[in-house]
Amino acid sequence: MPQKIIIQASKIIDPASPQHLKTVDVLINEGKIEAIGQNLGTDAQLISGEGKFLAPGFFDLNATFGEPGFETKEDFETGSKAAAAGGFTGLALMPHNNPPTDSKSQVEYLINRAKGNLVDIFPYGCISQKREGKDLAEMYDMRQSGAVAFTDGNKAVQDAGLMERALLYAKGFDALVLSYPEDASIAGSAKMNEGAMSTFLGMKGIPNLAEELMIVRDLYLAAYTDSRIHFSTISTAHAVELIRNAKKQGAKVTCDVAAHHLVLTDDAVAGFDSNYKVKPPLRTQADVDALLQGLKDGTIDAIVSQHHPQEIEFKQVEFEIAKFGIIALQTVLPLLLQAGLNEEQIVEKLALNPRKILGLPVPSIAVGKNANLVLFDASSWDYQASINYSKSANSPFLGQQLNGKVWLTCNNNQVFSY
């Protein structure tokens, strides 16, 4: 990183900053914000911020890398580059690698592996040993080693007794448990949303009920144990209503939604493109509308990428046997603009609230603070293979022109731009 950078004439989006919504110059010197104002000099690398927005760096609550065990999908270098290119300066790493992150040694390995990155990486620990849903993992030891919260990733905890014990145990050291809400006995082996489109295509569908039953169960368990709970990637209208009502009653509950669930419906599956095969599945327009309303009224606290890379041999096959997942770190911003969110809403749901949910420090654009920043606007760009920084290519948006460009990402005295 050059010793000095001046980002000129950008509009600040940071409610905690006295410069919020002001158009100013920002001088960064050796990774710190040295001055904010006008005409800060020219003895620095000048970066035009005119017409652009400068905000605290984005933070992703739901990202999957392949390392260790699945480096052919994604490693730390490629995953971090994809994150930086998408405006993310921090992310929480899902534990479904091989071996799963279910011990303090695994947590410590990931933390040490991530040192020196522009992107701050925080590992989740497993709720259950090997994510098998039978016995609790070493949650306290993992917390002491740096695990920021606990989840079995994309495997829902089916045993209610185990989830109850996890919530109660985590409460003892003020840890957060994440629930991926899916009742496997209802979802079965289905591959898409249950509805008119699945009937038309002749495919078995996953009903909304599979998600909503698990949300009801875990809300009861959280209330019973007086614990905090966070629901990952909710996708149905009734899920939003259930969480809205629980919040009104004082429940200690937060939730997030994946960016692709805000713009895509199960109509996208009509062409059997396996890049649209995600879990939870793409739902209906009524669900999309409810999710957007939930974001606007505060029911849904955060937005995630749900970045889940897959090798080509698991995606370029028949839809029925293709793996679930989408690479998404570089496309979150364009999808949120497409969904109609404004810049302040994007920063709240993508930069501020995710860190608050995990109890992490929230960056601020103020003199003396570390420069943890993203510079972005609504410019169009072509998402081509040459600038896909992920090791995988399972995105339906590759080859498309997208609106919403990240110009610069800055953190840990490093800058990424492209």
Side-chain angles (χ1 to χ4, degrees), residues 1 5 28 30-33 54-68 70-71 73-97 101 107-124 146-149 256 258-259 302-309 327-333 336 346-347 349-365 369-376 387-392 395 404-418:
M1 177 177 178
I5 288 177
I28 301 167
E30 295 186 347
K32 289 190 176 291
I33 298 173
L54 189 66
F58 300 151
F59 189 101
D60 191 9
L61 286 171
N62 189 324
T64 299
F65 290 177
E67 193 172 348
F70 299 115
E71 287 88 351
K73 300 176 189 285
E74 196 86 278
D75 57 34
F76 269 68
E77 182 180 356
T78 58
S80 297
K81 280 186 178 178
F88 293 93
T89 58
L91 58 83
L93 200 60
M94 283 290 171
H96 36 251
N97 30 40
T101 311
V107 171
E108 289 167 358
Y109 166 79
L110 293 171
I111 289 174
N112 288 328
R113 183 70 179 84
K115 282 181 178 175
N117 277 355
L118 183 156
V119 181
D120 298 318
I121 294 174
F122 301 87
Y124 288 133
V148 288
D256 64 56
I303 299 166
V304 301
S305 75
Q306 205 187 14
H307 179 79
H308 196 152
I327 57 166
L329 285 165
Q330 288 181 243
T331 55
V332 172
L333 176 63
L336 300 191
I346 290 170
V347 170
K349 305 294 184 181
L350 206 55
L352 310 181
N353 285 359
R355 292 179 169 94
K356 292 176 183 176
I357 288 167
L358 294 179
L360 298 173
V362 179
S364 182
I365 301 175
K369 299 289 186 180
N370 290 330
N372 186 330
L373 307 166
V374 58
L375 182 69
F376 67 96
I387 54 170
N388 171 34
Y389 291 98
S390 174
K391 191 176 280 191
S392 297
S395 170
K405 181 175 173 62
V406 172
W407 291 91
L408 176 144
T409 310
C410 176
N411 187 33
N412 294 332
N413 200 17
Q414 299 176 57
V415 168
F416 184 95
S417 60
Y418 72 106

Nearest heavy atoms of [X] and [Y], plus distance in Å:
X	Y	answer
L110	P123	CD1-CB, 3.8 Å
V406	A85	CB-O, 3.5 Å
S417	W407	CB-O, 3.2 Å
C410	T89	O-CG2, 3.8 Å
S390	A82	N-CB, 4.0 Å
V332	S305	CG2-CB, 3.5 Å

Drop me the distance from [X]'s [atom1] to [Y]'s [atom2], to the nearest 0.5 angstrom.
X	Y	atom1	atom2	value
T64	F70	OG1	CZ	11.0 Å
L54	I33	CG	CD1	7.5 Å
L93	F122	CG	CZ	11.5 Å
Q306	L61	CD	CG	12.0 Å
E30	I5	CD	CD1	12.0 Å
D120	N412	CG	CG	4.5 Å

*Which residues share a side-chain hydrogen bond (donor to acceptor under 3.5 Å, both in side chains) with T409, sequence neighbours left out*: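 In terms of side-chain hydrogen bond (donor to acceptor under 3.5 Å, both in side chains), with neighbours along the sequence ignored, T409 is linked to no residue.
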
*Only one of L360, I357, N353 forms a side chain to side chain contact (heavy atoms under 4.5 Å, CB included) with F59, so which one is it?*
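Testing F59 for a side chain to side chain contact (heavy atoms under 4.5 Å, CB included) against L360, I357, N353 leaves exactly one candidate, L360.
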
Donor-acceptor pair, distance only, cut-off 3.5 Å: does the side chain of [X] make one with the backbone of [Y]?
X	Y	answer
Y109	T101	no
D60	V304	no
E67	E77	no
S80	F76	yes
Q330	Y389	yes
N112	E108	yes
N370	N411	no
K391	E71	yes

*Take atom NZ of K81 as the centre, draw a 6.0 Å sphere, and report whether it contains more than 12 heavy atoms from other residues, nucleotides or ligands.*
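No - once you tally the heavy atoms of other residues, nucleotides and ligands closer than 6.0 Å, there are 12 at most.
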
*Taking atom NZ of K369 as the centre, report whether more than 12 heavy atoms of other residues, nucleotides or ligands fall under 6.0 Å from it.*
no

*Please work out which of the three classes, parallel, tilted or perpendicular, describes the rings of H307 and F65, given edges at 30° and 60°.*
perpendicular

*Describe, in one word, how the ring planes of F58 and F88 are oriented to each other, choosing from parallel (under 30°), tilted (30 to 60°) and perpendicular (over 60°).*
perpendicular

*Taking the side chain as every heavy atom from C-beta outward, state whether Y124 and V148 have any atom pair closer than 4.5 Å.*
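A side-chain contact exists here, since the closest heavy-atom pair is under 4.5 Å.
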
*Judged by modelled atom types alone, do S392 and E74 share a side-chain donor-acceptor pair under 3.5 Å?*
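Side chains of S392 and E74: no pair found under 3.5 Å.
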
*Step by step, would you call V415 with I28 a side-chain contact (heavy atoms from CB on, under 4.5 Å)?*
CA-CA 11 Å; V415 168; I28 301 167; over 6 Å; no

*Begin from the C-alpha positions of H96 and H308 and carry the test side-chain contact (heavy atoms from CB on, under 4.5 Å) through to its verdict.*
CA-CA 10 Å; H96 36 251; H308 196 152; 4.2 Å; yes

